[in-house]
Chemist: 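Dumping the structure here so I can ask a few things about it.
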Amino acid sequence: MEASSVTENYSTDNDHDQEHVLNHEGTDSNPEINREQEQDEEQVRRILQAISTTGNFWHNWDKLKSMLSFQLKMVLSEYPEAKMTTDEQNASLGETYLELVTRLDEELHCFIEGPPFTLQRICEILLAARSIYPKLSKLALALEKNLLVTSTLTTSCTKPYPEMMPEPEPEPEPEKASEEAQPQSNLIQNGVEPMAGGTDEITTKVEANTEEMTIDMDAFQERVGPSEANSTAAENS
């Protein structure tokens, strides 16, 4: 999917969508509107995921800024403080929820020429805010820290836009894991403790011990003579 086709529905005059997120009090009664909103949210998440994974951005900054603003307000609205009374918000945040959202959004819109150089970290925070920052006050501090910078990224990426993010490698199958563990468990049941390094290391140690025994016997024969060595070997047998 081309970056331009994904972002064509996001323009700088999306005040209606942003106001809906800011004053979010539940889902709309129209199922079609709900589906469209879910699709928009999924598109924004995919774009932010690409940025957080690669550190690059492919979009016009004004459109990307609108998507970041949309995601910012959506994430902030998910915290319990958004539904507190004004007095509770002031006690918890030091300001009202509306003041907090407006302030952070204005800091984001202060970037005119391009996104802040902390763009990748901002996307990471917005994608996993609740798991990183349980309290809204902590999230606000983190976002403010990454928005109060002066350096910007002025050039968008010219590489092809990633179609799909790489998926994590699958976990080993239980059957294979049990098969790999079976030889070791058999050794323990037979009274033999497995040694670190596997069978190759055990074989190497046995060969080394055999060589040491051969060298010791040769040295013994040189010291006591052939006849005494033979008598000693006979006694041992």
Side-chain angles (χ1 to χ4, degrees), residues 1-24 36-79 82 93 95 97-133 136-167:
M1 181 181 293
E2 299 242 346
S4 58
S5 64
V6 174
T7 60
E8 62 184 359
N9 293 328
Y10 289 90
S11 58
T12 54
D13 58 349
N14 64 344
D15 294 336
H16 175 72
D17 290 339
Q18 294 179 356
E19 183 178 357
H20 172 74
V21 174
L22 184 60
N23 301 315
H24 181 67
E36 291 178 357
Q37 182 177 345
E38 289 175 359
Q39 291 175 356
D40 290 343
E41 293 175 9
E42 182 61 27
Q43 285 182 346
V44 170
R45 287 189 62 84
R46 288 180 180 177
I47 292 172
L48 299 190
Q49 181 66 50
I51 297 173
S52 69
T53 302
T54 64
N56 300 320
F57 73 101
W58 289 261
H59 315 88
N60 174 275
W61 169 229
D62 286 336
K63 293 180 180 179
L64 179 57
K65 188 191 305 182
S66 295
M67 287 185 280
L68 287 169
S69 177
F70 179 89
Q71 183 70 13
L72 170 69
K73 294 175 181 180
M74 180 67 70
V75 168
L76 295 177
S77 70
E78 295 173 352
Y79 279 79
L93 304 172
E95 57 187 332
Y97 169 76
L98 181 59
E99 290 172 343
L100 171 63
V101 175
T102 302
R103 178 169 58 83
L104 292 176
D105 192 52
E106 288 178 349
E107 291 174 358
L108 173 64
H109 280 82
C110 284
F111 293 90
I112 306 301
E113 300 299 327
F117 79 93
T118 54
L119 174 63
Q120 183 177 16
R121 181 55 183 161
I122 292 173
C123 291
E124 292 173 350
I125 293 174
L126 292 178
L127 289 170
R130 293 300 298 271
S131 61
I132 303 175
Y133 303 103
L136 181 56
S137 58
K138 298 292 185 181
L139 171 63
L141 288 174
L143 289 172
E144 188 172 28
K145 177 182 177 181
N146 285 277
L147 288 170
L148 293 179
V149 296
T150 56
S151 300
T152 60
L153 305 172
T154 56
T155 305
S156 60
C157 184
T158 57
K159 298 178 181 179
Y161 187 78
E163 293 292 337
M164 294 181 63
M165 291 294 101
E167 297 182 359

Chemist: Taking all atoms of both residues into account, what is the closest heavy-atom pair of S151 and F111, and its distance?
Modeler: O-CE2, 4.4 Å

Chemist: Does W58 use its side chain to pair, donor to acceptor, with the backbone of K159 at less than 3.5 Å?
Modeler: yes

Chemist: Taking side-chain contact (heavy atoms from CB on, under 4.5 Å) as the definition, give me every residue that meets it alongside I132, ordered by chain and number, with sequence neighbours left out.
Modeler: A128

Chemist: Return the set of residues passing side-chain contact (heavy atoms from CB on, under 4.5 Å) with E106 (not counting sequence neighbours), or none when no residue passes.
Modeler: T102

Chemist: I need the minimum non-hydrogen distance between R121 and Y133, along with the two atoms involved.
Modeler: NH2-OH, 3.7 Å

Chemist: Tell me every residue that passes side-chain contact (heavy atoms from CB on, under 4.5 Å) with R130, counting only those two or more places apart in sequence or in another chain.
Modeler: E78, Y79, P80

Chemist: In Å and rounded to the nearest 0.5 Å, what is the CE to CD distance from M67 to E41?
Modeler: 14.0 Å

Chemist: What is the minimum heavy-atom distance between A140 and L104, and which atoms define it?
Modeler: O-CD2, 4.1 Å

Chemist: Considering all heavy atoms of both residues, which atom of L147 and which atom of I122 are nearest to each other, and what is their separation?
Modeler: CD2-CD1, 3.7 Å

Chemist: Is any side-chain N of the basic residue among R103 and E99 closer than 4.0 Å to the acidic one's carboxylate O?
Modeler: no

Chemist: State, to 0.1 Å, how close V75 and A129 come at their nearest heavy-atom pair, and which atoms those are.
Modeler: CG1-CB, 3.4 Å

Chemist: Is a donor on one side and an acceptor on the other found under 3.5 Å between the side chain of K73 and the backbone of D105?
Modeler: no

